[in-house]
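These notes are about the structure you will find just below.
Just so it is clear, the values below take in all heavy atoms, side chains as well, and ignore hydrogens, waters and symmetry mates. Just so it is clear: chains get the letters A, B, ... in the order the sequence lines come, proteins before strands, and each one is counted from 1. The structure presented is a predicted model; accordingly, all values stated were derived computationally and were not measured.
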Amino acid sequence: MARPADRHLTQDELEALVSISSLKTEEFVFSADDSEDLASHIAQCEKCRALAESYTAAEARLVSLRSGHSLARKDDCPADEEWLSVAAGLLPAERIDRDMNHAANCDHCGSLLREAVEDLTDELNPEEEHLIAHLTSSTPEWQRRFARRLCGAEVPKASTTLGNRWRSFLDVIRRFSVPALAAALILLILGGLRAGQWKKRSDVQIAQATANAERLLRENTEQRLRISELSAQLERSNTQVASTGQHAEGFSASLVLEPKLTRGAGEVNRLRLPPRAEFVSVTLRFSQIPSEVLREELFTSDRQLVWSQESRGSADELKNGKLLLLVPAHVLDIGDYQLIVSRQSAGQFEELATYTFRVAR
Amino acid sequence: MNYERIPTEELIRACAEPDATQAWEEFIRRFNPLIARVVVRTARRWGERSPVVLDDLVQETYLKLCADNFRVLRKFESCKPGAIYGYIKVVTANVVHDHFKGARAAKRGAGEDADDIGIEGLCAGSVSSQAPLSEQASIERTILLQQIDQLLYKSIPPEDLSRSRLIFWLYYRSGLSASAIASLPDMHLTTKGVESALLRLTRLVKAALMESTNEGGKKRQNISGDRKGYRPAESF
């Protein structure tokens, strides 16, 4: 039934019709028929048309309040770094209240608070969910391996260290062969020093683990910076590499590998590594390089993973069938190595090719 | 020891013990989704979506947590239950920001112009998506902000004023969504609650703006003036 001419627009209808924001009355359901009726009514009713135009103008003025550009911070603005802590609720309630009220009245800080809340939100869009699900660090395998690395696999086992300490102690007792002295020493040590030794042992191991983590962090940062520099260099000399097989200036060693398993020592590719080498440029030949994400893993002869990375072949690499890797030289010691290249397929990595080589100094 | 059931604070202490592989496995299992989420979100602001870089940043976050004898974790003092999750989110976001700021500084140091840095070198959030306002538009906006704020002061009961103003300005001026406002600490409102408050406030302000526009056709009028005009919403 058509809308009577004297039935003017209600506020809900007005909002549903012209509001461009997401704030609309939830209860108001706006069907296609309603829409036609309203449009027809507005076309005929001057009063409602003026109302709709006025409403639209008011809406536009509200939208214009949004700070579209980042203004310079003022003297009374909290530090830019503080907004993450505000969004996470890590500051005292009074300070959070003060900061949020400041942000509500400051274009500079308001946008920083918005960014902080967006960064820390638990809500993800489907694209982000997909990305996280396919990260290597999301796999239990990576997480287990990394947990071991964080603990520092080379830190001596507690039981071994403890056993050595007790053996040394018993040697001292045997040397003196005086039961009374032994008893006194036992009492002394058990009563006093043992706690200190435990603490010392624990402190030493924590310090070792910490040093381990710091070393990893330092190496990680240094490698990334170095790789970034070398990658830029590599890109510039990519044509030269493809045509001549010569490595670019600045690399310390290079190696070209064919995908095969060696049958005898004579077939092993040898890499002479200069003492001060930083990186090794390894060229892997493929019959065809897949365009998917590739994982390269470098194992020692006793199957210890010493280095890995994930990458995609560049357009030139895909075209030439040569994949160029930059392997940090410090992961290589004298010995035999196996480089396994896998490709990502349906969320899994399947082995694509295996290369072997031997490092000699 | 079964680490799956122990509280997070205890788990963190266990991670600092020697030979804590199992504790770290549980720590990573518990916190990796959160760390990955913040890494992806924050890196996106810098235009970075490469899985390789994102994995590196996840790894770097754990190393940051372990560095200097677990200094970052040791200095955390829990002020309320679950605060550790917020704390690790903040640590993660800072790791990501520091990484990209460092990379940008390195590029600048290498003699690249800002124009050469490309999108990955710039924090998207710090770049305007709109052109700066003209001086005239800026003055008009300032006046409008003041007028609306005066209207809110006059129309909202004192007991609701502080939170209502906060919600209104964070939404319309700072650009936070209703769900983002609801997620703020001590807001104690659901997203629906924030939307409902915003709807009431918006109606109030729009009514005043419409009145002002109608009369403004003839002469400029201060909408916050003592003259007749809007009718405050009943809910206030």
Side-chain angles (χ1 to χ4, degrees), chain A residues 23 25 54-55 57-59 61-62 64-70 84-85 88-90 93 96 100-101 103-105 110-111 113-115 117-121 124 128 131-132 134-138 143-144 146-148 150-151 157-158 202 205-207 210 213-214 216-217 220 224-225 310-311, chain B residues 16 18-21 24-25 28-29 32 36-38 40-42 45 49 51-52 54-55 58-60 62-63 66-69 83 86-87 89-90 93 106 125-126 128-130 132 141 144-145 166 169-170 172-176 180 183-186 195 198-199 202 205-206 209-210 213-214:
Chain A
L23 299 170
T25 314
S54 173
Y55 196 91
E59 175 100 3
R61 294 186 78 187
L62 273 179
S64 75
L65 296 173
R66 169 82 182 268
S67 65
H69 56 291
S70 185
L84 282 169
S85 297
L90 297 177
I96 288 177
M100 287 202 307
N101 278 295
N105 293 289
S111 64
L113 176 62
R114 186 184 71 245
E115 288 172 11
V117 173
E118 286 169 358
D119 288 349
L120 303 190
T121 184
L124 290 174
E128 290 166 337
L131 188 54
I132 289 173
H134 289 83
L135 288 179
T136 309
S137 55
S138 297
Q143 292 174 7
R144 276 194 295 273
F146 195 65
R148 285 197 296 275
L150 279 176
C151 289
K157 289 269 186 258
S202 172
Q205 289 190 328
I206 288 175
T210 303
E214 283 171 351
L216 285 169
L217 184 61
N220 194 305
R224 195 173 297 122
L225 281 173
E310 285 176 20
S311 62
Chain B
D19 198 18
T21 308
W24 271 110
E25 279 183 19
I28 294 174
R29 189 194 67 77
N32 201 70
R37 215 159 44 217
V38 177
V40 166
R41 276 260 153 174
T42 313
R45 189 171 299 292
R49 293 175 194 195
V52 177
L54 298 176
D55 274 327
V58 169
Q59 182 170 315
E60 208 164 302
Y62 289 114
L63 296 176
C66 293
D68 193 13
N69 197 11
Y87 182 67
K89 280 181 176 180
V90 171
S126 64
S128 167
S129 57
Q130 299 173 20
R141 177 173 175 265
L144 186 59
L145 288 169
L166 184 63
W169 289 124
L170 287 179
Y172 278 109
R173 186 171 178 173
S174 307
L176 272 76
S183 75
L184 288 170
D186 301 325
E195 284 176 347
L198 278 169
L199 192 64
T202 302
V205 173
K206 274 184 182 168
L209 289 175
M210 285 164 72
T213 306
N214 291 340

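- Smallest separation of non-hydrogen atoms from E25(B) and A147(A): CG-CB, 3.5 Å.
- Among T136(A), V117(A), I96(A), the residue with the largest count of heavy-atom pairs under 4.5 Å with chain B is T136(A).
- Looking only at heavy-atom pairs under 4.5 Å with chain A, the residue among D186(B), V90(B), V58(B) that has the most is V90(B).
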Using side-chain contact (heavy atoms from CB on, under 4.5 Å), reason through L150(A) and T21(B) one step at a time and then give a plain yes or no.
CA-CA 8 Å; L150(A) 279 176; T21(B) 308; over 6 Å; no

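- The existence of a salt bridge linking K206(B) and E59(A) is confirmed by a sub-4.0 Å separation between a basic side-chain nitrogen and an acidic carboxylate oxygen.
- Looking at every heavy atom in both residues, A36(B) comes nearest to L135(A) through CB-CD1, 4.4 Å.
- Atom CD of residue E115(A) and atom OG1 of residue T42(B) lie 10.5 Å apart, to the nearest 0.5 angstrom.
- A distance of 9.0 Å separates CG in L209(B) from OG in S54(A), rounded to the nearest 0.5 Å.
- For the options S183(B), S174(B), A180(B), heavy-atom pairs under 4.5 Å to chain A are most numerous at S174(B).
- Scanning both residues, A104(A) and L166(B), for their nearest heavy atoms gives CB-CD1, 3.8 Å.
- Rounding to the nearest 0.5 Å gives a distance of 10.0 Å between CG of L176(B) and OG of S111(A).
- Heavy atoms closer than 4.5 Å to chain B are found in both the backbone and the side chain of L62(A).
- Residues L131(A) and P51(B) come closest through the heavy atom pair CD1-CG, 4.3 Å.
- In this structure, CZ in R61(A) is found 5.0 Å from CG in L144(B), a value given to the nearest 0.5 Å.
- In this structure, the side chains of W169(B) and L65(A) come closer than 4.5 Å at one or more pairs of heavy atoms.
- Residue with the most contacts toward chain B among S137(A), S85(A), G110(A): S137(A) (heavy-atom pairs, distance under 4.5 Å).
- In this structure, the separation between CG on L54(B) and NE2 on H134(A) is 13.5 Å, given to the nearest 0.5 Å.
- Heavy-atom distances place both the backbone and the side chain of V38(B) under 4.5 Å from chain A.
- The contact between N32(B) and chain A is made entirely by side chain atoms (from C-beta outward), counting heavy-atom distances below 4.5 Å.
- Contact count versus chain A (heavy atoms, under 4.5 Å) is highest, among R41(B), R49(B), K89(B), for R41(B).
- Summarising the geometry of M100(A) relative to L184(B), their closest heavy-atom pair is SD-CD1, 3.7 Å, with the distance given to 0.1 Å.
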